[in-house]
J.: 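There's a structure below that I have some questions on.
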Amino acid sequence: MTAPLFSGRARRSVAALGAVSAGFLLLSACGEKPTPLATVTVGTSSVSAEASCHNEGKELALEEVQECLTNLKNPKTVEYARGDTLRLGVEPEIVEDGRRWSAVLDGQPITEPSSNTYRSFPGADVFATGGQGEAPASKKLAFLQIGEDGKPLAVWSFNLKLK
């Protein structure tokens, strides 16, 4: 009769270590690291998303930016009531190395390009129509990352839904 080379506990430890190593190998093989997050907060509700359009830090073609702004890809949704404070934030990585960001609502810029990581709009009525009929049920909100040279680098997509 021969004794086992490893005890049951040692075999389980080696198997767990192997599984963790394989997991790290698979993650590193994906090739694409996650993009930094942008966040929209209304009241106590907050949603964050990775960039919906990006080119690994290289310039996006203007046609691609326009497509991203009009046909948002899987936007995260946050409910918004008139008079709520709208808060917009980006991770610091988005504004590093001279880059800036701007918020765009239904294709129209609502902020100047900024290197700040946070903007707040207390009591803003983003659904105001200026007396031009009934307000839409939702609006497309996007964050546009702009390179040091003024060219677009990435787009983050959100959907504001009227409460």
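This structure is a prediction, so every number in the text was calculated from the model and none was measured.
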J.: Taking all atoms of both residues into account, what is the closest heavy-atom pair of R100 and G147, and its distance?
T.: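 Shortest heavy-atom contact: NH2-O, 4.2 Å.
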J.: Does anything in residues 63-72 form a side chain to side chain donor-acceptor pair (under 3.5 Å)? List the pairs, not counting sequence neighbours.
T.: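 Passing the test, one end in residues 63-72: E67-N71.
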J.: Side-chain donor-acceptor pairs under 3.5 Å in residues 101-109, sequence neighbours left out?
T.:
{"from": "W101", "atom 1": "NE1", "to": "N116", "atom 2": "O", "distance (Å)": "2.5"}
{"from": "S102", "atom 1": "OG", "to": "T111", "atom 2": "O", "distance (Å)": "2.8"}
{"from": "S102", "atom 1": "OG", "to": "T111", "atom 2": "OG1", "distance (Å)": "3.4"}
{"from": "D106", "atom 1": "OD1", "to": "K140", "atom 2": "N", "distance (Å)": "2.8"}

J.: Set out, in order, the CA-CA distance, both residues' side-chain angles and the distance that settles side-chain contact (heavy atoms from CB on, under 4.5 Å) for E148 and D97, then state yes or no.
T.: CA-CA 7 Å; E148 192 173 20; D97 302 323; 5.8 Å; no
J.: Among pairs that include at least one residue of residues 112-129, which meet salt bridge (charged side-chain N to carboxylate O under 4.0 Å, His left out), considering only residues two or more places apart or in two chains?
T.: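 Pairs touching residues 112-129 that pass the test: R82-D125.
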J.: What about L86 and V47, same hydrophobic cluster or not, with Ile/Leu/Val/Met/Phe/Trp/Tyr joined at side-chain heavy-atom distances under 4.5 Å?
T.: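 Yes.
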J.: The criterion is side chain to side chain contact (heavy atoms under 4.5 Å, CB included); which residues satisfy it with K161, sequence neighbours excluded?
T.: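 K161 satisfies side chain to side chain contact (heavy atoms under 4.5 Å, CB included) with T77, E79 once adjacent residues are dropped.
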J.: Among residues at least two apart in sequence or on other chains, which ones pass side-chain hydrogen bond (donor to acceptor under 3.5 Å, both in side chains) with T117?
T.: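 Scan of T117 (side-chain hydrogen bond (donor to acceptor under 3.5 Å, both in side chains), adjacent residues dropped) gives none.
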J.: Which pair of heavy atoms, one from S46 and one from T41, lies closest together, and at what distance?
T.: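 S46 and T41 have their closest heavy atoms at OG-OG1, 3.0 Å.
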J.: Between atom OG of S45 and atom CG of D84, what is the distance when rounded to the nearest 0.5 Å?
T.: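 Reported value, rounded in 0.5 Å steps: 9.0 Å.
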J.: For E91, give me all partners under side-chain hydrogen bond (donor to acceptor under 3.5 Å, both in side chains), at least two apart in sequence or on another chain.
T.: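 Not a single residue meets the side-chain hydrogen bond (donor to acceptor under 3.5 Å, both in side chains) criterion with E91.
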J.: Less than 4.5 Å apart, any side-chain heavy atom of N159 and any of L141?
T.: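 No, every pair of side-chain atoms sits at 4.5 Å or beyond.
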J.: What's the verdict on side-chain contact (heavy atoms from CB on, under 4.5 Å) for F158 and V78, showing C-alpha distance, side-chain angles and the deciding distance?
T.: CA-CA 8 Å; F158 297 92; V78 64; 6.0 Å; no
J.: If a pair satisfies disulfide (SG to SG under 2.5 Å) and one of its residues is in residues 98-127, list it, with sequence neighbours excluded.
T.: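 Sorted result for residues 98-127: empty, none.
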J.: Among residues at least two apart in sequence or on other chains, which ones pass side chain to side chain contact (heavy atoms under 4.5 Å, CB included) with A51?
T.: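 Per chain and number, A51 pairs via side chain to side chain contact (heavy atoms under 4.5 Å, CB included) with T35, H54, A154, W156.
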J.: Just jot down the side chain to side chain contact (heavy atoms under 4.5 Å, CB included) partners of T85, sequence neighbours excluded, or say none.
T.: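 Once residues adjacent in sequence are excluded, the partners of T85 under the side chain to side chain contact (heavy atoms under 4.5 Å, CB included) criterion are R87, S120, P122.
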J.: With side-chain contact (heavy atoms from CB on, under 4.5 Å) as the criterion, how do L37 and E50 come out once you've worked through the C-alpha distance, each side chain's angles and the decisive distance to 0.1 Å?
T.: CA-CA 5 Å; L37 297 177; E50 289 186 31; 3.7 Å; yes
J.: Under 4.5 Å between any side-chain heavy atoms of P36 and V90, yes or no?
T.: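 Sidechains of V90 and P36: no contact.
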J.: Are L60 and L69 linked, directly or through intermediate hydrophobic residues, by side-chain heavy-atom contacts shorter than 4.5 Å (ILVMFWY only)?
T.: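 Linked, L69 and L60 end up in one cluster.
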J.: Tell me whether the count of non-hydrogen atoms from other residues, nucleotides or ligands lying under 6.0 Å of CD in E134 goes above 12.
T.: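 No, because the 6.0 Å sphere around CD of E134 holds 12 heavy atoms or fewer from other groups.
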J.: When you compare the side chain of V126 with that of L160, does any pair of heavy atoms fall below 4.5 Å?
T.: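 Answer yes - side chains close enough.
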J.: Going by the disulfide (SG to SG under 2.5 Å) test, which pairs reach into residues 33-125, not counting sequence neighbours?
T.: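 Every disulfide (SG to SG under 2.5 Å) pair that includes a residue of residues 33-125, provided the two are not neighbours, is C53-C68.
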J.: Kindly give the heavy-atom pair with the smallest separation between A135 and F127, and that separation in Å.
T.: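 For A135 and F127, the tightest heavy-atom pair comes out as CB-O, 3.5 Å.
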J.: Checking S48 now: which residues fulfil side-chain hydrogen bond (donor to acceptor under 3.5 Å, both in side chains) with it, not counting sequence neighbours?
T.: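 Residues passing side-chain hydrogen bond (donor to acceptor under 3.5 Å, both in side chains) with S48: T39.
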J.: Between F121 and L88, is any pair of side-chain heavy atoms under 4.5 Å apart?
T.: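 A side-chain contact exists here, since the closest heavy-atom pair is under 4.5 Å.
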J.: Can you name the nearest heavy-atom pair linking E93 to Q145, along with the distance?
T.: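 Smallest interatomic distance, heavy atoms only, reads O-NE2, 4.4 Å.
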J.: Given 3.5 Å as the limit, does a donor-acceptor pair link the side chain of N55 with the main chain of G57, or not?
T.: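 It does not hold such a pair.
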J.: Using a 3.5 Å distance criterion without hydrogens, assess whether the side chain of S52 forms a donor-acceptor pair with backbone atoms of V155.
T.: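 Yes: the side chain of S52 pairs with the backbone of V155.
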J.: Hydrophobic cluster membership, with links at side-chain heavy-atom distances under 4.5 Å among I/L/V/M/F/W/Y: are V42 and L162 in one?
T.: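 Same cluster: V42 reaches L162 through Ile, Leu, Val, Met, Phe, Trp or Tyr contacts under 4.5 Å.
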